[in-house]
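The structure under discussion appears below in the form of structure tokens.
Quick caveat, the model's predicted, so the values are computed rather than measured. Quick note on labels: first sequence line is chain A, next is B, and so on, each numbered from 1.
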Amino acid sequence: KIFLAWIYNATKQVNFFFIDTHKHKDKHKDKDHRHKDHKKDKEREKFKHSNSEHKEHSEKKHRDKEKLKHSDGSSDKHREKHKEKDREKRREEKVLDAIFPFTLMGCVLLWFVVIRWEEERYTDGSKWRFLEHKGPVFAPPYEPLPDKVKFYYDGKPMKLSAPAEEVATFFAKMLDHEYTTKEIFRKNFFKDWRKEMTSEEKSKITDLNKCNFSEINEYFKAQSEARKQMSKEEKQKIKEENERLLQEYGFCVMDNHKERIGNFRIEPPGLFRGRGDHPKMGMLKRRIRPEDIIINCSKDSKHPKPPPGTKWKEVRHDNKVTWLASWTENIQGSIKYIMLNPSSRIKGEKDWQKYETARRLKKCVDRIRAQYREDWKSKEMKIRQRAVALYFIDKLALRAGNEKEEGETADTVGCCSLRVEHVKLYPKMDDQEYVVEFDFLGKDSIRYYNKIPVEKRVFKNLQLFLENKQPEDDLFDRLNTSILNKHLQELMDGLTAKVFRTYNASITLQQQLKELTCPDDSIPAKILSYNRANRAVAILCNHQRAPPKTFEKSMQNLQSKIDEKQNQLSAARKQLKAAKADHKASHDDKTVEVKRKAVQRIEEQLMKLQVQATDREENKQIALGTSKLNYLDPRISVAWCKKWGIPIEKIYNKTQREKFAWAIDMAEKDYEF
DNA sequence: TTTGAGACTTGCGCGGAAAGCT
DNA sequence: AGCTTTCCGCGCAAGTCTCAAA
């Protein structure tokens, strides 16, 4: 009967079930996960756990509701009601008996549907069921310059119209950058600036070289100086205002979870810079208005309101995508999005999937390697090129290398888009044979330079590919990323070129950690080992950085600190010796012990400093962040920390811990990638 | 097969906040 | 407390990859 009553109650809540499937699902899981035992479910369960905070919240609400329902009896009509209730109860039971088979069937059906949905949730392409947010925050409107700040044309002061003035200030702010001296930058800027001018201004201002922005430049410098000099209270006020904005616009509700939004502020207008030698540098990036924005949210949510007097371009309800708002940017004509923070469920799950794909590659990588080595001998040139390219992607962790439109972006390449001019072949170099020298600009115009010995067959193939070609011809002329990826897809479900980067990065970390960690090392030394393993990956992936401007100086500072410590140490040692000598005469145990402790402490400090120095020196031109955030399966790091008793905070800062919450929850100390 | 839009991940540099030092 | 150094989070550019229509 209890069971029956439970089912009855459940059917009464059918509405609730459908309106709020997520909540139900959690409930359902809590009750029933004991029955389900296959691995996938378990893992997903673990994944869910990292969001338990939200879950608790919603469950509490649920309980409160329940309470309310039960507490609505009043005492004065108690007896009367009691009889009435009894009768009703009997009636209810009869009805229940009668409808029992149907109820049961209904429940089974319902359960089935819910489970099916649960399973399908990730395969039917829908990303959410409910999405509510408040829309983006727009850039503050332009504030005209005070009258005393003047722009000069050809030596004479000239008052500009507001739109022209705004664009002029963009340029004026950049005066100290060397790119304002670059010809393309100036040309692009001037062309776009003229578009904003009134016809009168246009006819007057014809030569950028005659424009003098220095007063405007100084004005902005003074402004930023003033901002620095602000009192504590004023700074506090700004901080609070920012916090308020974050609280109001920085979060959304997706499927019962309050989630942090990644970039809820619209990019302000300005001059486009781009990276490397970009043909569009200096162009005007225009201001984004509500009329440019497409809002995405669920139909049954409270739709975000556009600022007073404006309209959204469109409000749509597409749950096949994850973005909340989008607009088209005017430099490349590409679409920009507002999406969730990496700590969100939707990003976390995707990240987890990515590493699972890489782990699947681990299982079949030997087969794939054997296959491409075989393909080096293929009769078909297309297959040979594919095989050699894949070899580079695997061995050197090169990016795929999509084609790009010429003249639209900086001239950079990846594996499939390598040109003849980017590789040199040396049959013999020093004591190595068959050396290939790579020298090209990759993503973000970062130089890739590497000399590696390759197998003879690869070398011969490369010679073949280079025959009768000009420097600007494609090295792999019969290959592009879609051919390559199509092939990879056939080798393993979900395999693409970039999976190799993920796989090789993670496997390298795991193997380096195994190799470098000494069980007896202190915690700082172990962390150095971790950083070294991380560094090996960063080098593999060619993650570089400009050496910090103050690098030399800070290195010197550190060195002098080390010298000083060394002096301290020898002094302390001398004292210890003296104390020991004294000890023989006076039997003063205490002093010896104190001195010994001092020596020990200084030794430790010195060691720490030296570790820091090595770490920093080795890190001069290497950026660890990118690989840590995007390529290393966080579960490897978590497991390593657990194994060696390293606090996770030493490896991941707060944001990183939030992003990797799923992994911190999931991985045990024996986790294997 | 080609092309391009669209969606999402990866990547570096910068500025301000926090931490460290005197 | 005041200054310097380091760290962190953000901004936004630049990749990868998918899908669908021409």
Review point. At under 4.0 Å between heavy atoms, what does A:Thr412 touch on the DNA or RNA strands: base, sugar-phosphate, or nothing?
Key: sugar-phosphate
Practice item. Begin with the C-alpha distance, continue with both residues' side-chain angles, and end with the deciding distance and a verdict on side-chain contact (heavy atoms from CB on, under 4.5 Å) for A:Phe130 and A:Glu132. Key: CA-CA 7 Å; A:Phe130 180 81; A:Glu132 181 171 281; 3.8 Å; yes
Practice item. Test A:Arg345 against A:Asp255 for salt bridge (Lys or Arg N to Asp or Glu O under 4.0 Å), laying out the working first. Key: CA-CA 10 Å; A:Arg345 186 217 90 208; A:Asp255 292 352; 3.5 Å; yes
Review point. Reckon A:Lys239 has a side-chain N or O less than 4.0 Å from the OP1 or OP2 of B:dG16?
Key: no
Practice item. With heavy atoms under 4.0 Å as the rule, sort A:Pro268 into base, sugar-phosphate or nothing. Key: sugar-phosphate
Practice item. Find which nucleotide of DNA chain B each of A:Tyr337 and A:Ala623 is nearest to by heavy atoms, and output the residue with the more 5' nucleotide. Key: A:Tyr337
Check your understanding: Using a cut-off of 4.0 Å on non-hydrogen atoms, how would the nucleic acid contact of A:Arg657 be classed: base, sugar-phosphate, or nothing?
Key -> nothing
Exercise for review: Determine whether the aromatic ring centres of A:Tyr355 and A:Phe673 lie less than 6.0 Å apart.
Suggested key: no
Review point. Would you say B:dT9 has OP1 or OP2 under 4.0 Å from some side-chain N or O of A:Asn630?
Key: no
Review point. Are A:Lys347 and B:dT9 close enough that a side-chain N or O sits under 4.0 Å from OP1 or OP2?
Key: yes
Check your understanding: If you look at every strand shown and take non-hydrogen atoms under 4.0 Å, does A:Arg227 touch a base, only sugar-phosphate, or nothing?
Key -> nothing
Point to revise | Residue whose nearest DNA chain C nucleotide is more 5′ - A:Lys404 or A:Asn653 | key: A:Asn653
Review point. Between A:Asn296 and A:Trp323, is there a donor-acceptor pair closer than 3.5 Å when you use the side chain of the first and the backbone of the second?
Key: yes
Check your understanding: Counting side-chain heavy atoms from C-beta on, which of C:dT18, B:dT9, C:dA14 comes nearest to A:Phe272?
Key -> C:dA14
Practice item. Look at A:Arg501 and B:dG11 and indicate whether a side-chain polar atom (N or O) is within less than 4.0 Å of OP1 or OP2. Key: yes
Check your understanding: Has A:Gln223 got more than 12 heavy atoms of other residues, nucleotides or ligands less than 6.0 Å from its CD?
Key -> yes
Check your understanding: Please give, in whole Å, the distance from B:dA17 P to A:Lys654 NZ?
Key -> 15 Å
Check your understanding: Is the distance from OP1 or OP2 of C:dC17 to the nearest side-chain N or O of A:Thr496 less than 4.0 Å?
Key -> yes
Exercise for review: Classify the nucleic acid contact of A:Asp444 as base, sugar-phosphate or nothing, counting any heavy atom under 4.0 Å across all strands shown.
Suggested key: sugar-phosphate
Review point. Of A:His177 and A:Thr502, whose nearest nucleotide on DNA chain B comes first from the 5' end?
Key: A:Thr502
Practice item. Using the closest heavy atom to pick a nucleotide of DNA chain C for each, name whichever of A:Arg265 or A:Gly274 lands nearer the 5' end. Key: A:Arg265
Exercise for review: Ignoring hydrogens and angles, answer whether the base of C:dA14 and the side-chain atoms of A:Arg275 contain a donor-acceptor pair closer than 3.5 Å.
Suggested key: no
Check your understanding: Just to confirm, is there a sub-4.0 Å distance from OP1 or OP2 of B:dA7 to any side-chain nitrogen or oxygen of A:Lys320?
Key -> no
Practice item. Assess whether one donor atom and one acceptor atom, taken from the side chain of A:Lys498 and the base of C:dT16, lie less than 3.5 Å apart. Key: no
Exercise for review: Output yes when at least one side-chain N/O atom of A:Lys443 is less than 4.0 Å from OP1 or OP2 of C:dA13, else no.
Suggested key: no
Check your understanding: Do the side-chain N or O atoms of A:Asn485 get closer than 4.0 angstrom to the phosphate oxygens (OP1, OP2) of C:dC17?
Key -> yes
Exercise for review: Please state how far atom CG in A:Leu246 lies from atom P in C:dG11, giving the value in whole angstrom units.
Suggested key: 11 Å
Check your understanding: Using a cut-off of 4.0 Å on non-hydrogen atoms, how would the nucleic acid contact of A:Ile331 be classed: base, sugar-phosphate, or nothing?
Key -> nothing
Review point. Is there a side-chain polar atom (N or O) of A:His278 under 4.0 Å from OP1 or OP2 of C:dA13?
Key: no
Practice item. Select base, sugar-phosphate, or nothing to describe what A:Lys285 touches, counting heavy atoms under 4.0 Å on all strands. Key: sugar-phosphate
Review point. Just checking A:Ala410: base, sugar-phosphate only, or nothing, at a heavy-atom cut-off of under 4.0 Å?
Key: nothing
Check your understanding: With ring centroids as reference points, do A:His133 and A:Phe251 lie under 6.0 angstrom apart?
Key -> no
Exercise for review: Answer with yes or no after comparing the ring centroid distance for A:Phe438 and A:Tyr449 against a 6.0 Å cut-off, counting only values under it.
Suggested key: no
Exercise for review: Please work out if A:Ser482 contacts a base, only the sugar-phosphate, or nothing of the nucleic acid, heavy-atom cut-off 4.0 Å.
Suggested key: nothing
Check your understanding: Which is true for A:Gly333 with a 4.0 Å heavy-atom rule: it touches a base, it touches only sugar-phosphate, or it touches nothing?
Key -> nothing
